[in-house]
Amino acid sequence: MARARAKAYAALLTAAALLGLGIAPASYAAPATAPQADNGRWSVFPAPAAGAKDKSPTAQERSFFTLQGAPGTVLKDKVSVSNLSSKPMTFTLYGADAYNTPRDGGFAVRGNDEKMTDLGSWVSLAASTVKIPARTRADIPFTVTIPAGATPGDHPGAIVALDTQVDKAKGKVAVGVRRAVGARVYLKVSGPTLPAMSVEHVTVTHGQPLIPGTGDSTATISYTLVNRGNVSLNPRVAFTAKGLFGRTLLTRRARTLPLELLPGQSVTLTERWAHAPQFDRVSLRLTATSARGDLSETGSVHFLAVPWLVTGAVLLVLAALAAWLVRRVRRRRGRQEPAAEEPEQPKESEQPEESEEREATATLEAILGSGKA
């Protein structure tokens, strides 16, 4: 039961590793002008012309496919797959859509089990499976049928050769690995082009020592570049940061990023800022341009560089001091205010005398009144 479960698990987790797309290996001396795509065991690249002098398995004249046509056009070409190993190998061939990896913007292509919606679905190969003897090259024709409703602009992809053999992974877990190599295809559909790019989600994560002056502070700038046009871009980015009173804190000139941002794709990148300010209000501005100079977009973010632990301790001490002063003032006022005077009450001994005097006066007035009568 455990072995069967491990096999099923291996089948579900079969990985297609797309290696060496447009990268020359160290073990093979390829021409400097046309680095081939291979992983040391097999390679995939555009087929040489019919009259090429070099007929060896590693012969090639182009680094990648560059095709162009109008909607409704059918383009034809050939792909060369070379078995560089000492044993026969069988490959599954397919066309694939390209995309940018979100982490670093690398050029990647869809797996054979994924649905193709662009160039990958337009490619038709003369053979979907091919067996190649050891140290032999096979040239396979293919066509690219551009749909009548295809959008103008760039449509990148690849012709991929996937090894049908599943390699055993190292370790106790029974996971199989399938490897693939692809040759890039850059297809341009005729029509108006519109380069467009946006800078989004600019944030800064600030780190500094607990006590200012006891260590260095660093900041990590994160930002997202989005290709909103229909042509591929080679972005360049520059950074500037200013403090509370306009003091320049950071200046980094524009540099070209090591990636090609494909149409409709986005990539999130980070930039490390060493010796960032420890106490300031910072305004950071990012400017992204294209290598051709036809685009310029900006993004900005504001943040407070404050040693929060020390600031919190100072605020706590000030709050305690203020509470102590309030209590002291209240006590002092309580001591200075005089006690309220109470009205004097007649003594008990005087009350009978006053009553007798009132009775005598009333009697005398009654007598005098009767005499007058």
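Position 1 is the first residue of the sequence, and the numbers go up from there.
- For the pair Y223/H201, no side-chain contact is recorded, criterion being any heavy-atom separation below 4.5 Å from C-beta on.
- In this structure, T248 contributes its side chain and L250 its backbone to no donor-acceptor pair below 3.5 Å.
- Scanning both residues, E260 and S232, for their nearest heavy atoms gives OE2-CB, 3.6 Å.
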Side-chain polar contacts of residues 138-150 - donor-acceptor pairs under 3.5 angstrom, sequence neighbours left out - could you list them?
from	atom 1	to	atom 2	distance (Å)
D139	OD1	S80	OG	2.5
D139	OD1	R137	NE	3.1
D139	OD2	R137	NH2	3.3

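- With sequence neighbours left out, D294 forms a side chain to side chain contact (heavy atoms under 4.5 Å, CB included) with P195, S290, R292.
- A search for side-chain hydrogen bond (donor to acceptor under 3.5 Å, both in side chains) contacts involving H275 returns D216, not counting sequence neighbours.
- Using modelled atom types, no side-chain atom of D163 and backbone atom of R179 make a donor-acceptor pair closer than 3.5 Å.
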- T251/F239 under side chain to side chain contact (heavy atoms under 4.5 Å, CB included): CA gap, chis, key distance, verdict: CA-CA 6 Å; T251 300; F239 298 89; over 6 Å; no

- Item | Chi angles and distances behind the side chain to side chain contact (heavy atoms under 4.5 Å, CB included) call for V185, I159 | CA-CA 7 Å; V185 179; I159 305 296; 3.8 Å; yes

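- When the side-chain hydrogen bond (donor to acceptor under 3.5 Å, both in side chains) test is applied to T151, no partner is found at least two apart in sequence or on another chain.
- With sequence neighbours left out, W122 forms a ring-ring contact (aromatic ring centres under 6.0 Å, His included) with H155.
- Under the 4.5 Å side-chain criterion, counting only non-hydrogen atoms from C-beta, V199 is not in contact with V237.
- At a threshold of 4.5 Å between non-hydrogen side-chain atoms, the residues L295 and T289 do not count as touching.
- Smallest separation of non-hydrogen atoms from S300 and V202: O-CB, 4.3 Å.
- When all heavy atoms of V282 and P277 are compared, the closest pair comes out as CG2-CG, 3.6 Å.
- With sequence neighbours excluded, the residues forming a ring-ring contact (aromatic ring centres under 6.0 Å, His included) with Y186 are F64, listed by chain and number.
- The nearest pair of heavy atoms linking L257 to L225 is CD1-CD1, 3.7 Å.
- Annotation: cation-pi pair R62/F45 absent, no NZ/CZ under 6.0 Å from the ring centroid and within 45° of its normal.
- By the 4.5 Å heavy-atom criterion applied to side chains, L162 and F91 are not counted as neighbours.
- By the criterion of side-chain heavy atoms lying less than 4.5 angstrom apart, applied directly or through intervening Ile, Leu, Val, Met, Phe, Trp or Tyr residues, L75 is grouped together with L125 in one hydrophobic cluster.
- Residue pairs meeting the salt bridge (Lys or Arg N to Asp or Glu O under 4.0 Å) criterion with at least one member in residues 238-252, sequence neighbours excluded: R247-D280, R252-E271.
- Between the Q265 side chain and the L262 main chain, no donor and acceptor come within less than 3.5 Å of each other.
- Under the 4.5 Å side-chain criterion, counting only non-hydrogen atoms from C-beta, P71 is in contact with V189.
- Contacts classified as salt bridge (Lys or Arg N to Asp or Glu O under 4.0 Å) and involving residues 140-155 (residues at least two apart or in different chains) are given here: D154-K188.
- Both V181 and V123 belong to a single network of hydrophobic side chains, linked directly or stepwise wherever heavy atoms of I, L, V, M, F, W or Y lie under 4.5 Å apart.
- A 4.5 Å side-chain heavy-atom check between T240 and L284 finds every atom pair outside the cut-off.
- Rounding to the nearest 0.5 Å gives a distance of 10.5 Å between NE2 of H206 and CD1 of I221.
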- Task: Carefully, step by step, assess L259 and D104 under the rule side chain to side chain contact (heavy atoms under 4.5 Å, CB included).
- Result: CA-CA 8 Å; L259 61 91; D104 57 7; over 6 Å; no

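- Listed by chain and residue number, S198, E200, T224, R228, S266 satisfy the side chain to side chain contact (heavy atoms under 4.5 Å, CB included) test with V226 (two or more places apart in sequence, or in another chain).
- When side chains are defined from C-beta on, T117 counts as touching D97, because their heavy atoms get closer than 4.5 Å.
- Judged by the 6.0 Å and 45° rule, R184 forms a cation-pi pair with F107.
- A pairwise comparison of heavy atoms in G111 and M116 identifies O-CE, 3.2 Å as the closest pair.
- A donor-acceptor contact shorter than 3.5 Å links the side chain of N83 to the backbone of I132.
- Taking hydrophobic clusters as Ile, Leu, Val, Met, Phe, Trp and Tyr residues chained together by side-chain heavy-atom distances below 4.5 Å, L187 does not share a cluster with Y99.
- A donor-acceptor contact shorter than 3.5 Å links the side chain of N230 to the backbone of L194.
- Judged by distance alone, with hydrogens and angles left aside, the side-chain atoms of T164 form a donor-acceptor pair with the main-chain N or O of T90 at under 3.5 Å.
- Residues satisfying the side-chain hydrogen bond (donor to acceptor under 3.5 Å, both in side chains) criterion with S283, sequence neighbours excluded, are H302.
- In this structure, the separation between OG on S128 and OH on Y94 is 13.0 Å, given to the nearest 0.5 Å.
- For R331, the side chain to side chain contact (heavy atoms under 4.5 Å, CB included) criterion is met by no residue, not counting sequence neighbours.
- Interatomic distance, OG1 of T92 versus CG of N112, reported as 6.5 Å (0.5 Å rounding).
- Put simply, CZ on F65 and CG on L119 are 11.0 Å apart, with the number rounded to the nearest 0.5 Å.
- Of all the heavy atoms in G229 and P263, the pair that sits closest is O-CB, 3.7 Å.
- Under the rule for a side chain to side chain contact (heavy atoms under 4.5 Å, CB included), the partners of T256 that lie at least two apart in sequence or sit in another chain are R236.
- D38 places a side-chain heavy atom less than 4.5 Å from the side chain of L84.
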- Test log, rule side chain to side chain contact (heavy atoms under 4.5 Å, CB included), inputs M197 and N227: CA-CA 5 Å; M197 178 173 55; N227 186 342; 5.7 Å; no

